[in-house]
Amino acid sequence: MDTAVWDEKKSVTPMEILVRNRGVTRNVPADDVYYIESSNRKIIVFTKDEKMECYGKIGEWENVLKGSFFRIHKGYLVNMKHVEKYSRAEVQMKNGSSCLISKYKYQDFVKAYHEYISKGGDGKRV
């Protein structure tokens, strides 16, 4: 069974995600993840150049990655670092991908994104 494991090292090094896909475990820095999509019990992790599938629940990913990631829809968790632009209907990522945004999540996303940007995009106050 493919799974995901989180490696939360103290702020000395960035958070890394261990993704087990087809019997191979990969170490992926959380900053390299553009967004995460949930589809039927599968989690699809999208980076700049590839996508990796594993089993899991998007709610678990949301809890671990909160702060620089935001859940914009029941099936999408986006990395604020890689948001290019947004509208009421979708969030476009810097790699050109678009993710649907829930009308119920829109206001909270805008608030969280503006807060993220005001902190310099890395959680630190400018």
Side-chain angles (χ1 to χ4, degrees):
M1 176 188 282
D2 299 333
T3 57
V5 178
W6 298 276
D7 184 8
E8 298 181 74
K9 297 177 182 171
K10 298 298 176 196
S11 54
V12 178
T13 58
M15 178 186 279
E16 297 173 335
I17 304 167
L18 296 176
V19 179
R20 182 174 172 83
N21 182 326
R22 298 184 184 132
V24 177
T25 302
R26 302 256 328 259
N27 190 9
V28 181
D31 280 353
D32 291 353
V33 175
Y34 278 65
Y35 67 97
I36 296 167
E37 182 180 350
S38 173
S39 177
N40 294 327
R41 295 186 6 216
K42 280 195 176 182
I43 297 294
I44 307 164
V45 179
F46 290 85
T47 64
K48 181 179 181 182
D49 300 318
E50 65 182 312
K51 66 179 185 177
M52 297 162 275
E53 291 184 9
C54 61
Y55 287 100
K57 296 180 181 177
I58 199 164
E60 294 171 358
W61 290 77
E62 180 182 17
N63 289 334
V64 171
L65 297 171
K66 62 185 165 197
S68 59
F69 282 75
F70 190 88
R71 191 163 178 185
I72 60 169
H73 187 277
K74 68 180 180 179
Y76 292 104
L77 186 62
V78 297
N79 187 341
M80 300 287 217
K81 176 180 180 177
H82 297 296
V83 170
E84 178 72 32
K85 59 186 176 181
Y86 62 88
S87 69
R88 287 197 170 271
E90 65 185 15
V91 174
Q92 185 169 349
M93 307 307 291
K94 291 179 181 175
N95 67 352
S97 298
S98 293
C99 303
L100 294 175
I101 186 167
S102 164
K103 66 181 179 179
Y104 304 108
K105 299 275 190 171
Y106 178 76
Q107 292 297 331
D108 291 336
F109 170 75
V110 170
K111 182 179 176 183
Y113 187 67
H114 286 198
E115 186 175 315
Y116 177 80
I117 295 300
S118 73
K119 292 180 179 178
D122 60 4
K124 297 176 185 167
R125 186 58 82 185
V126 180

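For this chain, numbers begin at 1 and follow the sequence in order. Computed from heavy atoms alone, side chains included, the values below leave out hydrogens, waters and symmetry copies.
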Dump the intermediate steps for side-chain contact (heavy atoms from CB on, under 4.5 Å) on Glu90 and Ser98, then the final yes or no. CA-CA 6 Å; Glu90 65 185 15; Ser98 293; 3.6 Å; yes
Run the numbers on Val64 and Glu60 for side-chain contact (heavy atoms from CB on, under 4.5 Å), then give the verdict. CA-CA 6 Å; Val64 171; Glu60 294 171 358; 5.7 Å; no
Show, in sequence, the C-alpha distance, side-chain angles and deciding distance for Asp31 and Lys81, and conclude whether the side-chain contact (heavy atoms from CB on, under 4.5 Å) test is met. CA-CA 8 Å; Asp31 280 353; Lys81 176 180 180 177; 3.6 Å; yes
Stepwise side-chain contact (heavy atoms from CB on, under 4.5 Å) test for Met80 and Glu115: CA-CA 10 Å; Met80 300 287 217; Glu115 186 175 315; over 6 Å; no
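The aromatic rings of Tyr34 and His82 sit parallel, their planes meeting at an angle under 30°, below the 60° perpendicular limit.
Between Cys99 and Ile72, some side-chain heavy-atom pair lies under the 4.5 Å cut-off. Counting only heavy atoms from C-beta outward, the side chains of Lys42 and Tyr55 approach each other to under 4.5 Å. Residues Val83 and Met93 form a side-chain contact, since some pair of their non-hydrogen atoms from C-beta on lies under 4.5 Å apart. Counting heavy atoms from C-beta on, the side chains of Val91 and Tyr35 never come closer than 4.5 Å. When side chains are defined from C-beta on, Ile36 counts as touching Leu65, because their heavy atoms get closer than 4.5 Å. Annotation: side chain of Ile58 is in contact with side chain of Arg71 (closest heavy-atom distance under 4.5 Å).
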Scan the side chains in residues 43-50 for donor-acceptor partners under 3.5 Å anywhere in the protein, sequence neighbours excluded, and list what turns up.
{"residue": "Thr47", "atom": "OG1", "partner": "Glu50", "partner atom": "N", "Å": "3.3"}
{"residue": "Thr47", "atom": "OG1", "partner": "Glu50", "partner atom": "O", "Å": "3.2"}
{"residue": "Glu50", "atom": "OE1", "partner": "Arg26", "partner atom": "NH1", "Å": "3.0"}
{"residue": "Glu50", "atom": "OE2", "partner": "Arg26", "partner atom": "NH1", "Å": "3.2"}
{"residue": "Glu50", "atom": "OE2", "partner": "Arg26", "partner atom": "NH2", "Å": "2.9"}

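At distances below 3.5 Å, at least one donor-acceptor pair connects side-chain atoms of Asn79 with backbone N or O atoms of Val33.
One finds the OG atom of Ser102 at 12.5 Å from the CZ atom of Phe109 (value rounded to the nearest 0.5 Å). Here Leu77 contributes atom CG and Phe69 contributes atom CZ; the two are 6.5 Å apart, rounded to the nearest 0.5 Å. For the atom pair CG (Leu100) and CD (Glu37), the distance works out to 9.0 Å, reported to the nearest 0.5 Å.
Contacts of Tyr76 classified as ring pair (Phe, Tyr, Trp, His ring centres under 6.0 Å), with partners at least two apart in sequence or in another chain: His73.
Taking the charged nitrogens against the carboxylate oxygens, Glu84 and Lys94 have no contact shorter than 4.0 Å, which rules out a salt bridge.
In summary, the aromatic rings of Tyr113 and Phe70 are positioned with their centroids too far apart to meet the 6.0 Å limit.
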